[in-house]
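Order of the sequence lines fixes the chain letters, A, B, ..., with proteins taken first and strands second; residue numbering starts at 1 for each chain.
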Amino acid sequence: MKDIINDIQIAVAEAVKEIYKTDIAPEDFLVNPTKKEHQGDYTLVTFALAKALRQAPPKIAADLGDYLATARPWISDVEVIQGFLNISLGDDYWSSRLGEMKRDPNFWKPAMPKEKVMVEFSSPNTNKPLHLGHIRNILLGWSVSKIFEACGHEVFKVQIVNDRGIAICKSMLAWMKFGKDQTPEQAGRKSDHFVGDWYVRFETEFVKEYTLWQSTDEAKAIFEKRTDRDLDTPAFFKSYKNKYFNTISALGKEARELLLKWEAHDEETIALWKKMNGWVYAGFDETYRQLGVDFDKLYYESETYVLGKGIVEEGLQKGVFYQKNDGSVWVDLTDDGLDHKILLRSDGTSVYMTQDVGTAQVRYDEFGAKRMTYVVADEQNYHFQALFAIMKKLGAPYADGLHHLSYGMVDLPEGKMKSREGTVVDADDLMRTVIDEAGEAAAEREEVDDDIIRMIGMAALKFFIIKVDPRKRMTFDPKASVDMHGQTGPYIQNAYVRIQSILRRAESSDSGYAGYVVNEDEKLLLNMLGQSAGIIENAARDYSPAVIANYAFSLAKEYHRYYHEVQVLKAESEAAKNFRLQLIETIGVVLKNTMDLLGIEMPDRM
RNA sequence: GGCUUCGUAGCUUAAUGGAUAGAGCACCUGACUACGGAUCAGGAGGUUGAAGGUUCGACUCCUUCCGAAGUCACCA
């Protein structure tokens, strides 16, 4: 179904051809909904046409207005204000729009050429449970996937799990030393949190060890030899911590030895590693289930970290990369405004970039998606710029389809959220909190079942996060996130619930609404419903679910207003009642479908 | 220092280069014998960080500056 603006644009283009004998494309000029303070439904902005037609904008508006008002029966009235042509549409046109939406169940979404699209999101580490930052990531990734699906694409949702390295070894070591073969069940702890607890325990023990060491003669000697004389004792030991871990620490040594054993495929170590990661995955699955998301394929760094070496060798042969005397392999990205980037260390081992190059290729081989979106925080902007530049240099057929959906950090009101500062907001805790809050709000009303309370709480949380433009850093206000009034998920759910409540009470009637004169509020609503497909297209183009969140909110707001303005079941005529029932049902369809793109469920009652 | 992103009401934010910058929260007034008040109507609150420039028209584009964040590892 074409939207109204498109209809008008075509009519205008035809009028231009008729009057000025000039060809102009319908999308080369602007048609907007008319501002409330002016007469009319849609406004043609004629300034863009002025150059091509070599006429003054008001003249163009007048000419086109005269022509359209007589030649197009569905245009009932026109008015010229300076360079703006305000166009009013006839009643028949408006009510026929509603019928078209009824007939086409897909009217709300765009029809685009099908493409294969891959979206990578979440991508956690296995040593800690998911937190607020992951939630933003996951909601964005999930929503973008749903949006692409709505556009008609075939979407593959993947995540890459960082399951290797020193971090998980710390958890393993702490568990071996202090865990006494305990299991999550015995500890009564969600299994990913259980593993995270051992990571924290390791850090605690390490800090204890480090603090004790600081009063030894060895430490004092090192402090005296410091190069930066400005550092006082606490500042020096803060900066020395990493060095201490890698050189002197007994715990550090044990952890590094464990990593070496893992790399040597030591049987016992691998078994423990599998056991602990298994606990983590079971915990993650539960969190994902509560968030309402899933994946088509998981990649593990323990498998992918060896990838890419072959491609780098090839690139070296082709002269895309170069080798330094020490044997390390580099790429020169200065043409792209970047620096030189290393791809293979002098000992021949791979770096992060090598792995990403390899993983991209493997995924392309597996899925054949020429578009891949990486949902990763903006601290990695530079990395992805470099990665995409490298893929282009290598001539990968999918290089132009690579996209980094970069999003800003989530701040807490107190300051930056970092796990080491202990202000991390745990994903499971957060979800529990918002659902509890929804339960309390519901208790003041009437009893509602747990599933609906869950939907309401999750809607509050998800909408709060997703309504913000991904690029922007956002401040997470715990109090505002559980708010159910105003610009929130529950507000939109409430609009839907009101619609369903009316529809439940309505007796079916087939008498139709022929001859019904659509009022201004209804025109506005029909207009908004017609925009749905275009909005989704924009959201896909900009990789921005926030666009849809804002649209759904506006539509719900307009509906709430309408609800107070008119009676549906006790409408002034049978035609009015039928028209309005049809209208609000359609609003309900669009609300439910657009909110689904954000991963938000719509209850029938609340 | 180079590069990237962001700066809009007290707070959180919206606005393909189009008409008088639109909302929500908080604050103040009103509207329930209800198609569900998790709602609605109204009030107050803005030099869109600053200054130039381009344009018929700039929150939007360009330049310079100010402020915030990130990044510029043989870390991931």
Side-chain angles (χ1 to χ4, degrees), chain A residues 27 30 32 34-38 43 45-48 50 56-57 81-84 86 125 162 164-167 301 305 324 326-330 337-339 341-347 349-353 355-356 377-383 385-386 406 408-409 411 413 416 438 441-442 444-446 456 460 464 467-469 471-475 477 479-480 483-495 497-506 534 538 541-542 546-547 549-550 553-554 557 559-571 577 580-581 584 605-606:
Chain A
E27 53 279 357
L30 211 61
N32 286 333
T34 301
K35 303 277 174 196
K36 271 195 181 122
E37 55 276 14
H38 295 286
T43 299
V45 183
T46 60
F47 294 97
I81 298 176
Q82 292 161 11
F84 299 95
N86 293 331
N125 297 331
N162 182 10
R164 61 181 279 272
I166 193 75
E301 284 200 8
Y305 83 111
K324 284 190 179 175
D326 64 5
S328 57
V329 178
W330 295 73
L338 305 169
D339 286 322
K341 201 83 193 163
I342 190 161
L343 288 163
L344 281 180
R345 294 189 185 103
S346 48
D347 64 4
T349 57
S350 59
V351 293
Y352 186 41
M353 188 61 83
Q355 181 189 151
D356 269 5
D378 61 8
E379 57 195 355
Q380 293 198 39
N381 284 354
Y382 187 85
H383 172 76
Q385 260 185 290
S406 162
M409 286 297 210
D411 291 323
K416 195 179 169 187
E444 293 169 10
R445 298 152 61 84
E446 51 188 278
I456 297 170
F464 180 80
K467 72 179 177 186
V468 181
D469 184 327
R471 282 192 309 266
K472 285 193 174 173
R473 250 183 121 79
M474 68 174 287
T475 305
D477 178 350
K479 231 178 94 189
D483 197 353
M484 319 260 161
H485 301 273
Q487 196 182 41
T488 65
Y491 173 96
I492 301 170
Q493 289 176 322
N494 189 37
V497 164
R498 284 175 145 182
I499 289 169
Q500 301 315 309
S501 172
I502 295 174
L503 295 177
R504 271 197 299 274
R505 285 157 202 257
N538 288 350
R541 186 196 58 210
D542 297 342
V547 170
N550 287 315
F553 172 71
S554 310
K557 183 174 157 60
Y559 172 73
H560 277 308
R561 209 174 71 77
Y562 179 65
Y563 175 89
H564 281 265
E565 287 297 318
V566 307
Q567 293 278 313
V568 176
L569 294 178
K570 286 178 258 172
K577 184 175 122 182
R580 288 170 188 168
L581 283 171
I584 67 169
R605 39 187 107 220
M606 63 192 277

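Using a 4.0 Å heavy-atom criterion, one finds that A:Leu344 contacts no nucleic acid atom at all. Using a 4.0 Å heavy-atom criterion, one finds that A:Lys570 contacts the sugar-phosphate atoms exclusively. At the heavy-atom level, A:Met474 lies under 4.0 Å from the strands shown only through sugar-phosphate atoms. Within 4.0 Å of A:Glu301, counting heavy atoms only, lie sugar-phosphate atoms of the nucleic acid but no base atom. If you check every strand for non-hydrogen atoms under 4.0 Å, A:Phe553 touches sugar and phosphate atoms only. Residue contacts shown for A:Asp469 are limited to sugar-phosphate atoms, with no base heavy atom under 4.0 Å away. Looking at heavy-atom distances under 4.0 Å, A:Val329 makes no contact with the nucleic acid at all.
Here A:Ser328 does not reach the OP1 or OP2 of B:C74: none of its side-chain N or O atoms lies under 4.0 Å away. Look at A:Tyr352 and you won't find any side-chain N or O under 4.0 angstrom from OP1 or OP2 of B:C74. Within the 4.0 Å cut-off from OP1 or OP2 of B:C75, at least one side-chain nitrogen or oxygen of A:Arg345 is found. A:Tyr559 has no side-chain polar atom (N or O) that falls below the 4.0 Å cut-off from OP1 or OP2 of B:G36. Contact check, A:Lys467 against B:A14: no side-chain N or O comes under 4.0 Å of OP1 or OP2. OP1 or OP2 of B:G36 has at least one side-chain nitrogen or oxygen of A:Arg505 nearer than 4.0 Å.
With A:Asp469 as the partner, the salt bridge (charged side-chain N to carboxylate O under 4.0 Å, His left out) test is satisfied by one option alone out of A:Lys467, A:Arg471, A:Lys472, A:Arg473: A:Arg471.
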* **Base versus backbone protein contacts along nucleotides 1-9 of chain B [heavy-atom cut-off under 4.0 Å; B, S, -]** => ---SSSS--
* Which letter, B, S or -, goes with each nucleotide of nucleotides 53-60 of chain B from 5' to 3', with contact meaning a protein heavy atom under 4.0 Å? -> ---B----
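Side-chain atoms of A:Ser346 come within donor-acceptor range of the base of B:C74, with a qualifying N/O pair under 3.5 Å. Evaluation of atom-type donor-acceptor distances gives a pair under 3.5 Å for the side chain of A:Asn86 against the base of B:A19. Residue-to-nucleotide contacts include no donor-acceptor pair under 3.5 Å from the side chain of A:His485 to the base of B:A38. The base of B:A19 lies close enough to the side chain of A:Thr43 for a donor and an acceptor atom to sit less than 3.5 Å apart.
Proximity note for A:Thr34 (side chain, C-beta onward) versus B:G24, B:A76, B:A19: the nearest is B:A19.
Side chains of A:Ser406 and A:Asn381: a donor on one and an acceptor on the other come within 3.5 Å.
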* Asked: Can you give the dot-bracket line for RNA chain B, using ( ) for pairs inside the strand, [ ] for pairs that cross earlier ones, | for pairs with another strand and . for unpaired bases, where Watson-Crick and G-U count if both distances are under 3.5 Å?
  -> (((((((..((((....[...)))).(((((.......))))).....(((((..]....))))))))))))....
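Ring-centre distance between A:His383 and A:Tyr352: below the 6.0 Å cut-off.
A:Asn550 places a side-chain N or O within 3.5 Å of a backbone atom of A:Ala546 that can act as its donor or acceptor partner.
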